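Atoms considered below: every heavy atom in the structure, side chains included; atoms not considered: hydrogens, waters and symmetry mates. Nothing here was measured: the structure is a model prediction, and the numbers come from that model.
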Amino acid sequence: MLAIRSINGTQPAVQPLSDGYSAVLSDLLADGSGRSTETGRALRYPIRRNVYKLTLKFKGLSSEIAQVNELVSAFTQTVVFLFGGSYVTAQMYPSDRTMADNGFTAELSVNLIEI
């Protein structure tokens, strides 16, 4: 199974490295969340639940990584990705991208975060 099936309807030229794919599902909590200093009880003030974050690292020919970089550079994107054995579709935005390119091969790291 492909880790990333598509980004905006296009399959990436290369898939993330096996150790370069991580999908996290988390809750966004307000600043006031934490523990009560009086009782020690957890205080959770959720803003949003079940938000996906993908940590991705790609490696391949410079032309392949250029195609992937173009896909993940859109302001927002629809991403179909593997999570828990099935595919999930989410609207995401990219964080900072890091690229190393020697003109023949290249590496790209990026986080995609659900909107």
Colleague: Ring centroid separation for Tyr52 and Phe83, is it under 6.0 angstrom?
Modeller: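 Centroid distance Tyr52-Phe83: below 6.0 Å, so yes.
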Colleague: Are any of the side-chain nitrogens in Lys53 or Glu114 under 4.0 Å away from the carboxylate oxygens of its partner?
Modeller: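 Looking at Glu114 together with Lys53, the answer is no, because their closest N to O distance does not fall below 4.0 Å.
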Colleague: Is it true that atom CZ of Arg41 has more than 12 heavy atoms of other residues, nucleotides or ligands lying nearer than 6.0 Å?
Modeller: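 Count not over threshold, so no.
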Colleague: Decide whether Thr78 and Gln91 meet the rule of one side-chain donor and one side-chain acceptor closer than 3.5 Å.
Modeller: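 Distance-only check passes for Thr78 and Gln91.
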Colleague: What's the separation between atom CD in Gln11 and atom CD in Gln67, rounded to the nearest 0.5 Å?
Modeller: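 Those atoms lie 9.0 Å apart.
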Colleague: Looking only at heavy atoms, which two atoms of Arg35 and Gly40 are closest? And how far apart?
Modeller: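 For Arg35 and Gly40, the tightest heavy-atom pair comes out as NH1-O, 2.9 Å.
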Colleague: What's the spacing between Lys57 NZ and Asn111 CG if we round to 0.5 Å?
Modeller: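 Lys57 NZ to Asn111 CG: 12.5 Å, rounded to 0.5 Å.
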Colleague: Please tell me whether Val80 and Val51 are part of a single hydrophobic cluster in this structure, the criterion being side-chain heavy atoms less than 4.5 Å apart.
Modeller: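 Not linked; separate clusters.
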Colleague: Quick check: closest heavy atoms across Pro16 and Ile4, and the distance to 0.1 Å?
Modeller: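 Scanning both residues, the minimum pair turns out to be CG-CG1, 3.9 Å.
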Colleague: Between Leu17 and Leu61, is there shared hydrophobic-cluster membership here, with clusters defined by ILVMFWY side-chain heavy atoms closer than 4.5 Å?
Modeller: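 No, it is not one cluster - the side chains of Leu17 and Leu61 are not joined through contacts under 4.5 Å.
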Colleague: Quick check: closest heavy atoms across Leu71 and Thr10, and the distance to 0.1 Å?
Modeller: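 Answer, listing the atom of Leu71 first, then Thr10: CD2-CB, 3.9 Å.
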Colleague: Does Lys59 reach the side chain of Thr105, with side-chain heavy atoms less than 4.5 Å apart?
Modeller: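 No, their side chains stay 4.5 Å or more apart.
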Colleague: Is Thr55 close to Tyr21 at the side-chain level, that is, under 4.5 Å between some pair of heavy atoms?
Modeller: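 Not touching, per the 4.5 Å side-chain cut-off.
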Colleague: Hey, does Gln77 have a side-chain heavy atom less than 4.5 Å from the side chain of Leu112?
Modeller: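 Answer yes - side chains close enough.
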Colleague: Check whether any side-chain heavy atom of Ile65 sits under 4.5 Å from a side-chain heavy atom of Glu107, and report yes or no.
Modeller: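 When only atoms from C-beta onward are counted, Glu107 and Ile65 do not touch, as no gap falls below 4.5 Å.
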Colleague: Do the side chains of Asp101 and Ser62 get nearer than 4.5 Å, heavy atoms only?
Modeller: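 Side chain of Ser62 against side chain of Asp101, heavy atoms only: contact under 4.5 Å found.
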Colleague: Looking only at heavy atoms, what is the nearest atom pair of Pro12 and Arg5, with distance?
Modeller: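 For Pro12 and Arg5, the tightest heavy-atom pair comes out as CD-O, 4.2 Å.
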Colleague: Just verifying a value: how many Å separate Leu108 CG and Asn69 CG, rounded to the nearest 0.5 Å?
Modeller: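 Result: 5.5 Å between the selected atoms.
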Colleague: Would you check if Val79 and Leu54 make a side-chain contact, meaning some heavy-atom pair closer than 4.5 Å?
Modeller: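 Yes, side chains in contact.
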Colleague: Grouping I, L, V, M, F, W and Y whenever their side-chain heavy atoms are under 4.5 Å apart, do Val14 and Met99 come out in a common cluster?
Modeller: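 Same cluster.
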Colleague: Take Val72 and Ile7 through the test side chain to side chain contact (heavy atoms under 4.5 Å, CB included) and record every step on the way to the result.
Modeller: CA-CA 7 Å; Val72 299; Ile7 299 173; 3.8 Å; yes
Colleague: Looking just at side-chain N and O atoms, do Ser73 and Arg97 make a donor-acceptor pair shorter than 3.5 Å?
Modeller: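 Checked: Ser73/Arg97 side chains pair up, N/O donor to acceptor below 3.5 Å.
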Colleague: Given side chain to side chain contact (heavy atoms under 4.5 Å, CB included), test Ser36 with Leu43 step by step and report yes or no.
Modeller: CA-CA 7 Å; Ser36 165; Leu43 302 172; 4.1 Å; yes
Colleague: Taking the side chain as every heavy atom from C-beta outward, state whether Ile115 and Thr76 have any atom pair closer than 4.5 Å.
Modeller: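 Yes, close enough: below the 4.5 Å cut-off.
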Colleague: Within a strict 4.5 Å, meaning less than it, do heavy atoms of the Leu2 and Tyr87 side chains meet?
Modeller: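 Yes, close enough: below the 4.5 Å cut-off.
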Colleague: Determine the minimum heavy-atom distance between Val110 and Ser95, stating which atoms define it.
Modeller: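 Answer, listing the atom of Val110 first, then Ser95: CG2-O, 4.0 Å.
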Colleague: Can you tell me if CG on Asn102 sees more than 12 non-hydrogen neighbours from other groups inside 6.0 Å?
Modeller: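 Count over threshold, so yes.
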Colleague: Test side chain to side chain contact (heavy atoms under 4.5 Å, CB included) on Val24 and Ser22; report intermediate values, then the result.
Modeller: CA-CA 7 Å; Val24 176; Ser22 172; 4.0 Å; yes
